[in-house]
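Contents: one structure, followed by commentary.
Source: prediction; values computed, not measured.
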Amino acid sequence: MAIHGHLRQTRTTKQRETQKAEETEREAKANKEQRVATNTTSSACDCDPSKCPPAVEIPETLLQVGERTGKEIVNCCEVTRIHCDYQACPEPVQFCDAARTVRARIVQGRCCTTYECDGRVQQKVQEQQDQCEVEINGTITRKRIGEKWFSMVNRTTCMNYECLRSGGESSSELFVNSIGITCNGSCPQGFALQYSDRHCCPQCVQAMCRFNDRFYGEGESWPSGDGCLRYRCVKEGGLLSIMSSRKECPMMMDCPAENVVEQDCCSVCNTTRVDPVTPIPRRGIEYYDELDYSNHKCNRECLRGRKPMTCYYKFRMEWYQTMSKACYECPYNSTDCTRPHCIAADGVKRSVMVINRMMPGPSIDVCENDIIVVDVENNLMGESTTIHWHGLHMKKTPYMDGVPHISQCPISPETTFRYTFKADNPGTHFWHSHTGMQRGDGAFGALIVRRDNDPQQIMYDHDLPEHVITIQDWGHEAGVQMFVAHHHSIGDNKPPNILVNGRGKYFKRFPKGPITTTAKPLDLPTTTATSNNLDDAELIQTSSNRSFKLLTRNKRQSRTIDFNAKIFPESQHIPLKVFHVEAKKRYRFRLINAEFLNCPVELSIENHNLTVISSDSFDINPIEDLASFVSYAGERFDFIVRANQPVGNYLMRFRGLMDCDERFTSAYQVAVLRYRGAPEVEYERWPSYDFPLEGMQLNSLNKGTGNVDTLSIAETTSRDQEDLLLLREKTDFKFYVYYDFYAKDNPHFHVPDLYGFKDVINNTNRLYTPQLNHISMRMPKIPLMPGKDLLDESQFCNASSLREQGINCREQFCQCPHVLQVPLNSTVEMVLIDEGFTFDANHPFHLHGHAFRVVGMERLGGNVTAEEVKRLDEEGKLPRRLRGAPIKDTVTIPDGGYTIIRFIANNPGYWLFHCHIEFHAEIGMALVLKVGDRSEMLSAPANFPTCSDFTPDYGRLQNSGVDRASALQVLATVAAVMTTWLRL
């Protein structure tokens, strides 16, 4: 360091001497030029200063380092000149830091040579230290921390990269994280791949218009079947759509009305008038007339003193198709959309699984205490089925509950199962398939049980069958296809649409603004018990080695996207569902949420308030002046609409939440409330998904109690008599049932050592398993009710029994027949806990065979552990409202909170308790409640079907129970008897 300092000092002295010499020489030269100029000026006889231009002032901001300004007289005019002041030049600097690692930047000016080492250089140095140096397409470039980019490796693989700091903010070590995504290399017919700098993978964009299974290019036109319309494929706003124009007809002059006839789609004057041909009325098709049931004899007014009736229905279940040949010219002829067997849906063709070629299926509308008999004929191809009667508790008929492997064996193809039960629970219910994804494919319908002395009748003037509303989440592929893609690959579980009574528009959304995210990192837990409580945590394999680094994102990370809603071409002319009312009347509507995915629906009606009077068939004190209410899968609500607005058409708005919200698909649907006398108009403009909505809302998503603008279901009041046994402070049994999505090697979807949970690099390919108390439900080999006398109950399990066996289900995947056992007529309390660590989700739960009181509900935070809820309960901090608690059979649990239910276990049998989202229930998010001893359960009906495994020992398979020797002996005996008989 001393030697360097001496050399630098020597150089500095020499430079100063050189600068002084140069300065002296420049001053002498300048003085000489000034003298010459002065002599020239004085000798000039025509010097006139008034002709000189004004002097120019040079601001200091334009001067470089070392530059100075001065005044001079040139040709008798004063001018401003710039000269160099070398004394002001800075000393040379080689390095900017004491460690001599950052060199100064040398800048050659007009007078001085400067060495920049200011804050900008320091900032650039710091920026370089906070950047990853990467090579992209052969060019070395730098990326800031948190910056993301992507590149296509080949036609089907895209790599996502992100510059990250390892070890926290204090660490200086940077690394590039990479995730590989498999892209679709092909598109369906009518679509083409489009690459953009906004998406990692190429996107399939519409390239052709589709009409009746044919494709047309942009600008191409074609006629309708009758030649009256001309269609053209055009591009509007960057999107292809089908426009139609009617055939131009010649003008008709002075033609009597009786001579006007239709010819070639035009009205023409026919002077040789022919009497019109009266069409022969078609005979009713037996297949349709038999299975429609719109005029069923049991669909009657339920008067006091009437006799119960036996109401027979035949359900034929089969695979079918939307927009089938039965739809003719639907949707371009809207009346064709209501033809028998026409399932219009949203105009997009797909396969469906329906009953009697209807979606929703036939409605069962009976009076209280009628006997319902339904023959379910399975016409599926190789698939079994069952039908559950959601809301009816099947007292005295537990074998008719319709749950496969619990109340019955599945109904095999080409066989018929007869359900017979009593309609003893009046209210709004529905029936649906309880097998696989069949409910999501269309196998459901309304089940209304009316009473003759409805105490709520004073609230309304009309309760009409046509005012039953069924809503369903809807996609454009079969449910099982969606299930397989989601659980075994990267397919999502987000429904793109909602249908109202089986119909609706399809608003396909395209982002028109930038995507913004709001997220904050969370502190990571350290205990084993809560190792999964990361908000959308990822184990991501780094590109540099085989290790895994733990990254976190807020599980409530939201995407704010400004959407343009475009109606899908096939959906443009689908007629909306219309509900007719008359001004100044009050109408009872019955809403059924038949969805099968996680898509709660918010209902509101334009310019109308709602009054909810019942939930899940049980009356509550009316909740008036509601702006909206939310329903979850399996729930039903009865509400009053007062037709108190001017005659007109008003939109009924169904907005999807959770997996249907603006973060994902922004799914919503509309129907029309049409006053009598209002014009029959076809809407062309639609409210956006995020239309403003103010006022009180009932049953809001993930809300607790005590809010100003929301009311939870636990805050409503039942109109039924109190259950005195449930008013006691403590019940006979209390169960804590908690759940979440867990990062486990579920062997059904993650095979350890092959593609285990942590082995899968792409986080979207990891399946988090939903479980109750860390147990996945597995049905026993023999159906529980039919095989109650043959069951090996030692195979039953629950959290306590597994713990006693030393099995830690928090650390490993547990799957077994999850059964909770209680004595008959005991009181039961269940504290349902949504821990809510992995996803921002919501789960509605349904109990078979019983209804329950909702005595408590609250959201404690973004997430909570079961241990924390138990501790709060032991400290008396979980309030319970026992008197007037509402009665339901399906209820939601707030994410990161709890719901407390109570009921009397007075219905002996095995009853399923499960999440009503099919993707969750089908992989084990359920348990069974065993009520009473098997001796207290009813025996199965005569000749009731049975089923079980068939696994004989190896080598012992025989054609019959008689060996060969015995068979020969029997044959010999028969021959001897025949010989004796012939002799006689």
Separation of SG atoms, Cys814 and Cys797, below 2.5 Å: no

Gamma sulfurs of Cys158 and Cys183 within less than 2.5 Å: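 Judged by the SG atoms alone, which are 2.5 Å or more apart, Cys183 and Cys158 are not bridged.
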
Close aromatic pair by centroid cut-off 6.0 Å: [X] and [Y]:
{"X": "His850", "Y": "His848", "answer": "no"}
{"X": "Phe741", "Y": "His920", "answer": "yes"}
{"X": "His487", "Y": "His750", "answer": "no"}
{"X": "Phe845", "Y": "His914", "answer": "no"}
{"X": "Tyr768", "Y": "Phe757", "answer": "yes"}

Using 4.0 Å as the upper bound for N to carboxylate O, is an ion pair formed by [Y] and [X]?
{"X": "Arg439", "Y": "Glu918", "answer": "yes"}
{"X": "Glu868", "Y": "Arg871", "answer": "yes"}
{"X": "Arg880", "Y": "Glu829", "answer": "yes"}
{"X": "Lys494", "Y": "Glu662", "answer": "no"}
{"X": "Asp889", "Y": "Arg636", "answer": "yes"}

I want to check something: taking the side chain as every heavy atom from C-beta on, are [X] and [Y] in contact at a cut-off of under 4.5 Å?
{"X": "Ser776", "Y": "Ile923", "value": "no"}
{"X": "Ile179", "Y": "Asn177", "value": "yes"}
{"X": "Tyr755", "Y": "Asn765", "value": "no"}
{"X": "Leu711", "Y": "Glu715", "value": "yes"}
{"X": "Arg663", "Y": "Asp840", "value": "yes"}

Determine the interplanar angle of the [X] and [Y] rings, folded into 0 to 90°, and report it as parallel if under 30°, tilted if 30 to 60°, perpendicular if over 60°.
{"X": "Tyr161", "Y": "Trp149", "value": "parallel"}
{"X": "Tyr910", "Y": "Phe796", "value": "perpendicular"}
{"X": "His748", "Y": "Phe813", "value": "perpendicular"}
{"X": "Phe735", "Y": "Phe733", "value": "parallel"}
{"X": "His390", "Y": "His432", "value": "tilted"}

Residues forming a side-chain hydrogen bond (donor to acceptor under 3.5 Å, both in side chains) with Asp745, sequence neighbours excluded: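 Here no residue qualifies.
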
Within 6.0 angstrom of Lys734 NZ, more than 12 heavy atoms from elsewhere: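 Counting neighbours around NZ of Lys734, more than 12 heavy atoms of other residues, nucleotides or ligands fall under 6.0 Å, so yes.
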
Crowding at CZ, Arg881 (>12 non-hydrogen neighbours, <6.0 Å):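 Buried by this count: over 12 neighbours within 6.0 Å.
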
Side chains of residues 592-604: which donor-acceptor pairs under 3.5 Å do they make with residues two or more places apart or in other chains?
{"from": "Asn593", "atom 1": "OD1", "to": "Glu595", "atom 2": "N", "distance (Å)": "3.1"}
{"from": "Asn593", "atom 1": "ND2", "to": "Glu595", "atom 2": "OE1", "distance (Å)": "3.3"}
{"from": "Asn593", "atom 1": "ND2", "to": "Ser631", "atom 2": "O", "distance (Å)": "3.1"}
{"from": "Asn593", "atom 1": "ND2", "to": "Ser631", "atom 2": "OG", "distance (Å)": "3.1"}
{"from": "Asn598", "atom 1": "ND2", "to": "Asn842", "atom 2": "O", "distance (Å)": "3.2"}
{"from": "Glu602", "atom 1": "OE1", "to": "Arg655", "atom 2": "NE", "distance (Å)": "2.9"}
{"from": "Glu602", "atom 1": "OE1", "to": "Arg655", "atom 2": "NH2", "distance (Å)": "2.8"}
{"from": "Glu602", "atom 1": "OE2", "to": "Gln697", "atom 2": "NE2", "distance (Å)": "2.7"}
{"from": "Ser604", "atom 1": "OG", "to": "Arg653", "atom 2": "NE", "distance (Å)": "3.2"}
{"from": "Ser604", "atom 1": "OG", "to": "Arg653", "atom 2": "NH2", "distance (Å)": "3.4"}

Between CG on residue Leu912 and NE2 on residue His846, distance to nearest 0.5 Å: 8.0 Å

